[in-house]
Amino acid sequence: MLARVEGEGALELSIKDGKIEKLHLRIFEPPRLFEKLLEGRPYTDVIDIVARICGICPVAYQMSAAHAIDSIFGVNVNPWVRTMRRLMYCGEWIESHALHIHLLAAPDYFGFENVVAMAKQYPDEVRRGLLLQSLGNRLLRLLGGRSVHPVGVCVGGFYSAPSVDAVKTLLKEFKQALPMAEQLVRWTAAFNLPDDQQLFTSVALCHPHEYPMNEGRIVSSSGLDIAINEYQNYFTETHVPHSTALYSHFNGQPYLVGPLARLNLNLGKLPSGVRQLITESGIAFPSNNMFHSVIARAVEIYYAFVESIRIMEQYTLPAASCMDFSPKAGVGYGCTEAPRGILWHRYELDEKGDVVKATIIPPTSQNQARIEQDLQTSLMSFGLDHGDDELRLRCETVIRNYDPCISCATHFLKLRVDRS
Amino acid sequence: MSHSFYYMARDQLQALINELRARGYQCIGPQVRDGAIVYDSLADCTQLPRGISEHQSPGRYVLSENNSQRYFSWANGPQAIKPYVFAPRESLWRCEKDNTGQLRFTDLKPAPGPVAIIGVRACDLAALYIQDKHFLQEEKKDPYYLARRQKLFLVAVNCTHAADTCFCASTGDGPRASYGYDIVLSELDDGFLAHGLSDKGLELIKQLSTSPPTETQLQQADEEIQHAARRQTRRLPSRNLKQALFNNLEHPRWEEVAKRCLACGNCTSVCPTCFCHAEDEEPALDGSGSEYFRQWDSCFTQGHSYIHGITIRSTTAQRYRQWLTHKLGSWHDQYGRSGCVGCGRCITWCPVGIDITEEAAAICGENIDA
Amino acid sequence: MPNPYLPYEAKIIERIQESPTLFTLRLRFTDPVIHKDFRFEPGQFNMLYLYGVGEVPISIVSDPQDEHMLDHTIRTVGRVTRGLAALKEGDRIGVRGPFGRGWPLAHAEQHDVVVVTGGLGCAPVVSVIHYMMRRRERFGLINIVQGVKHSSDFIWKERYDQWRKAPDTEVLVAADAGESLWPWHVGPVTGLFDDLKFDKDRVIIMMCGPEGMMRVVVKYMLAQGVDESAIWLSMERDMHCGIGHCGHCQYGGKFVCRDGPVFCYKEIVDLFGVKGF
Amino acid sequence: MKPKIAVHKFASCDGCQLAFLNAGEDLLTLAGMVDIIHFTEAGPIDEETEVDIAFVEGSITTPADCNRIQRIRKNSRYLLTIGACATAGGLQALRNFANAKEWVASVYAAPEYIQSLATSTPIREHVKVDLELWGCPVSAKQVLRAVHDLLFGVTPKVELDKVCMECKRQRHVCVMVSKNIPCMGPVTRTGCGAICPQVGRGCYACFGPAENSNTGAMGVWLQGLGLMPEAIAKRFLFINSEAPEFRAAGTQWKSK
Ligand SMILES: Cc1cc2nc3c(=O)[nH]c(=O)nc-3n(C[C@H](O)[C@H](O)[C@H](O)COP(=O)(O)OP(=O)(O)OC[C@H]3O[C@@H](n4cnc5c(N)ncnc54)[C@H](O)[C@@H]3O)c2cc1C
Ligand code: SF4
Ligand code: SF4
Ligand code: SF4
């Protein structure tokens, strides 16, 4: 889980005779042991606890947990709740993707140390990014009171419904900002990105009618199509000595989750307007260029704007913002599309609704193995004879492209190259 | 008095609202939100809590439905008119600093439009009278309060229902509204008796379709108000409690109540007469400007009695004692009466149900009626 | 009607460091009309606003008839005062006032006067001493008793020396702790009282300082047969608005900012010394 | 010369750092006013240069971090903690009440690889802290105000009052009185804007204890609302379990 993933990164690289002999991405994030501290806590606490696994995508954690617990209690949410969960997810995608694009990715591609330096030369682009990010946060606040660790979500729905006026006000701003989200897609599509075609398996949720967020089956580009509760039959998590992150494999192989995988597998679910924009931007999806992830994020921001506007335009007050239910013992699964990819939860509750056991598999740990694999390939095609600094920058760029929760740390990727 | 009452059918309430709106008033009225009857913008009578009653006890407030067609068959909710005159938070002024270091102050005094509040109770009118005395003293009038106060039009409603926590009869402030309003209504089964006190109020009533009330109607209205008074079980002695309280500053009850009291400030926030506030400001990050504001404070906070290095009232016992001795005691020195109007809000909305009448009685002991 | 909450801009004309932690700001309102019309009595205070930080009540120490000066002597203790201490000549602050009730100077005329200050309390009474010295003939015997924590807290030595030279004027100084060359009394200020000369029936006591000290002085004076109504003291409580609205400075039924800060002991006798008020 | 600032991260969720990254225009303003020396999430990395203000997010949970915080303290003129992790050990401090070794063993297949302390402790237990900002997460407003004050040479103001005060200023209906919902507002420090009562739920104390918190009376009232002692203990032992007041109250209810 993320708690075991994010944090300082270091890369150990042994190069022998022009070949990579060993490549280890080390993760030092101090373990926070969330799965254990969940044990014995009432189901009501779960939503608030799991949010704290990640401050950047707390809603994803809340959503996966809410769905898992809903399923144990046999809660069928009403259409209002279902739609509002989607709306809230839109907020998180916008916030998280905008943060990634502007604070982490763009400075890389434009050759700036960081966003602050970049803002001096590209003030409009950076401001646009900050504005989009802030609108994502506003949406989170609308439904959750605040954008980090929002407090509105509960098992069965929401503690309360936002007022029609509040929705209207925000809707107006979303409509005004829509053209900016569109510009963002065109802007990222024009980035001078490396052409780095790779073979990888994409894994994402797939829903019959909509671009996946909260619901769907787990599918892969290699033909997998399973219910979320079957996940552990196909995917395995292993612990390697060099990292506090657990590594996930699908059929023993690394795989990709996240915006690029999502887009590759769900293009057809996008509204035609969004597809049109993709076509106009000149990038062909599905894409095997890992660096197209950044464009996929921009596309998802744009889509989240379109979707939020659609939802907010139809907003009415619900009869109930939360379903009635009574706690039951059982096992439940939740899997939703966090900004960084599928986030899988499994809970076992007792008859009071207290947690007996929790398992949380975040996207970043699912991408770990894939990142190492990518680094291997990318470095070989980049050329190992580059100096350490150049190698490090390249590695950072590759890693950052996955928007892992260690992204922060990979800004100072400690690279240990052993060129014996 | 009877000659000045007008009878109006129930539908005339909407007509009254319409008349007010036509005169540019923003109407505020009671309505159900989050499990309580609160004041909010009102355009239509259907928003009113028709057929709703409320049950109050220390630390508890529950709504229930009744079969009545009445709009006002409940006693007061968590807020009075206080927030509409003394805002929970408001900016006072802005200061800008230019690059020569010059400061420019801008007054942020509000310029509100006219506001009509419908459903005001006797206790709240009494409280408003007290707040007027506080904020609008001779010399230094509070311009922020004044700006709103001048724009108020008050439609009072005589209480026909008292909550278990009400004790306005013992403070002499209710349940009949006797001053401070523009129009007062007495609700009957099929309509209202209306009385206009101000010229504006009278003029408005004349726009409605009214008829002279019958003797029975007048009697019934009166009887219902008296019934509400009789129903009240709690009371404060009507005499000045100041001496009794200040004679008992070392009473063990202060420590005892402090064990239960959360010092959370809810009592002072819901109290319609409490006026304490704190000032603070919000500077722009780069120092280019700063907005100076005030917000409700409470004698239960640490900051209320802080002077450098010393908190004069660091314990809950001292804070509770400050509140009670002020409210029921030294208030007499300041405003010639007690600061309590018997609305009972501090009893209901104390999260742990501390009862001002019970504490006052315990502390004043047998002196209470002496 | 002017908004009593709105400060006026004032410029620091001079900044005087009186001691390591005490400094005086000499102010002038930038609007000359405001400056000209500004009237106050010794013992009154202003709310000084430090831009972006906050407002604090500070006594006015200059002479009310000296139009050129508007002086505030400030001790650096916390957030705002530390910020004020960092200001220089030419810097601007906000000022509104004057607020409160000052010393009973008209009443004190033809009386003996004992001025007692202690701890950091000297500032609010300095103006009153100045006032009397300038109009020395109107008053009877004047005793000035000053207690400080440490001898290094003692400021304005020259002024004290000056005052001592005035006719019928006694200046007594004590420090709780002193350096070896400290010429005055070492020990609590109350140790000086027996040296005081005044006519108990026609004396006015004015004091300012820590409440503990004031309590002792009150007790002493009452024991000497001084009447309650002849004892005046300046109180300090938290203040935000300065005009009796915010409620912080309540002292029983009084608002210190409006009914004080200078009180006749008789007015507050019931609560004076009771902890928690 | 511009003041230098640093933002450091220990065991945490990164949520408090977002107070900066979500600040929008203010982030750019800040960048113009100071030199950001170290802030991994925003780019700059340099733990060695001395800074004027260091913000610390996260709790101490590993031997390496014990040393790192000492280094950071040495390099920082003014050190302030942001958030529940840094100020009160955070949610992960719940391990302090359990057998952390067992926990590690049950989460990791090869616990011998995991370098972790048995406890999660607030920064104040390791080095001198000049100012603590509470909250999980801290509010951006609070952080920016503190930054402003420090940059202008003033001691920042901290919130001390209870959530109830803000709850009433926002004119929310008390959930405890009207709905019998347990609410920790009366013992919790304000700063969040009373957002839990706003959405109709009880406060779960993510801003830690307020000044003069009567945890005793709070617990008794919660019991009256129908909570079992164990459940009451969990209310106190949650996000700020290392705050002394909450720790004491929680431990007491746990043993009942
Ligand atoms: C009528 C009156 C006259 C005064 N005259 C002088 C004077 O001439 N010279 C002088 O040095 N000091 C004087 N003081 C005390 C001075 O107001 C405080 O020292 C000052 O407010 C401390 O502010 P701070 O922000 O530096 O301290 P902090 O301890 O950081 O206080 C924070 C806040 O608490 C409040 N506060 C703290 N102490 C006091 C206090 N004693 N009185 C009122 N509010 C307080 C203020 O709002 C202040 O901003 C006077 C106080 C009063 C009431
Ligand atoms: S003290 Fe209590 S009962 Fe009296 S007016 Fe205030 S809130 Fe109402
Ligand atoms: S809802 Fe909670 S925070 Fe609000 S007043 Fe009630 S107890 Fe206090
Ligand atoms: S109300 Fe309480 S739990 Fe909710 S955000 Fe505020 S401090 Fe945190």
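In what follows, chains carry the letters A, B, and so on, assigned in the order in which the sequence lines appear, proteins first and then strands, with residues in each chain numbered from 1.
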Does anything in residues 5-13 of chain C reach chain B? List residues with heavy atoms under 4.5 Å apart, or say none. C/Y5, C/L6, C/P7, C/Y8, C/E9
What part of B/T301 lies closer than 4.5 angstrom to a heavy atom of chain C: side chain, backbone, both or neither? neither
With a 4.5 Å cut-off on side-chain heavy atoms, are B/E139 and C/R258 touching? no
Would you check if C/E236 and B/I310 make a side-chain contact, meaning some heavy-atom pair closer than 4.5 Å? no
Where on B/D280 is there a heavy atom nearer than 4.5 Å to chain C: the side chain, the backbone, both, or neither? neither
Identify which part of B/Y145 has an atom lying under 4.5 Å from any heavy atom of chain C, answering side chain, backbone, both or neither. neither
Look at the side chain of C/Y51 and the backbone N and O of B/G287, then say whether any donor-acceptor pair between them is shorter than 3.5 Å. yes
Which atom names give the shortest non-hydrogen contact between B/P283 and C/G52, and what distance separates them? CG-O, 3.8 Å
Counting heavy-atom pairs under 4.5 Å to chain C, which of B/Y144, B/F246, B/W331 comes out on top? B/Y144
Output the option from B/A278, B/G101, B/S305 having the highest count of non-hydrogen pairs under 4.5 Å with chain C. B/A278
Looking at B/K141 and C/P4, what are the two nearest heavy atoms and their distance? O-CG, 3.7 Å
Is atom CZ of B/R104 surrounded by more than 12 heavy atoms (other residues, nucleotides or ligands) closer than 6.0 Å? no
Work out which heavy atom in C/G247 is nearest to a heavy atom in B/C276; give both atom names and the distance. CA-SG, 3.7 Å
Gap between atom SG of B/C95 and atom CG of C/L50 - 0.5 Å precision: 10.0 Å
Donor-acceptor contact present, side-chain B/E281 to main-chain C/V53, <3.5 Å: yes
Mind ranking B/Q318, B/E250, B/R321 by heavy-atom pairs under 4.5 Å with chain C and telling me who comes out on top? B/R321
Any donor-acceptor N/O pair, B/H134 side chain to C/H245 backbone, under 3.5 Å: yes
Heavy atoms only: give me the nearest B/Q102-C/R92 pair and the separation to one decimal. CG-NH1, 3.6 Å
Given a strict heavy-atom distance threshold of 4.5 Å, which part of C/F99 is in contact with chain B: side chain, backbone, both, or neither? side chain
When you measure from the side chain of C/H248 to the backbone of B/H277, do you find a donor-acceptor pair of N or O atoms at a distance under 3.5 Å? yes
Most heavy-atom pairs under 4.5 Å with chain C, out of B/T325, B/D107, B/D333, belong to B/D107
Do B/R294 and C/H240 have side chains that approach each other closer than 4.5 Å (heavy atoms only, starting at C-beta)? no
Between chain B and each of C/C241, C/C246, C/G252, C/G244, count heavy-atom pairs under 4.5 Å; write down the option with the most. C/C246
For B/I312 versus C/F277, what's the shortest heavy-atom pair and its separation? CG2-O, 3.2 Å
Answer yes or no: are there more than 12 heavy-atom neighbours, outside C/F29 itself, under 6.0 Å from its atom CZ? yes
If you take all heavy atoms of B/L249 and C/L271, which pair is closest and at what distance? CD1-CD2, 4.0 Å
Validation row: C/Q250, B/Q334 side chains within 4.5 angstrom (heavy atoms): yes
Ranked by heavy-atom pairs below 4.5 Å to chain C, first place among B/G303, B/A284, B/G309 goes to B/G303
Measure B/H304 against the heavy atoms of chain C and call it side chain, backbone, both or neither at under 4.5 Å. both
Atom group of B/S314 that falls short of 4.5 Å from chain C, counting heavy atoms: neither
Quick check on the interface: out of B/C299, B/G329, B/A317, B/G289, who has the most heavy-atom pairs with chain C under 4.5 Å? B/G289
Engaged part of B/F135 at the chain C interface, taking heavy atoms whose separation is under 4.5 Å: both
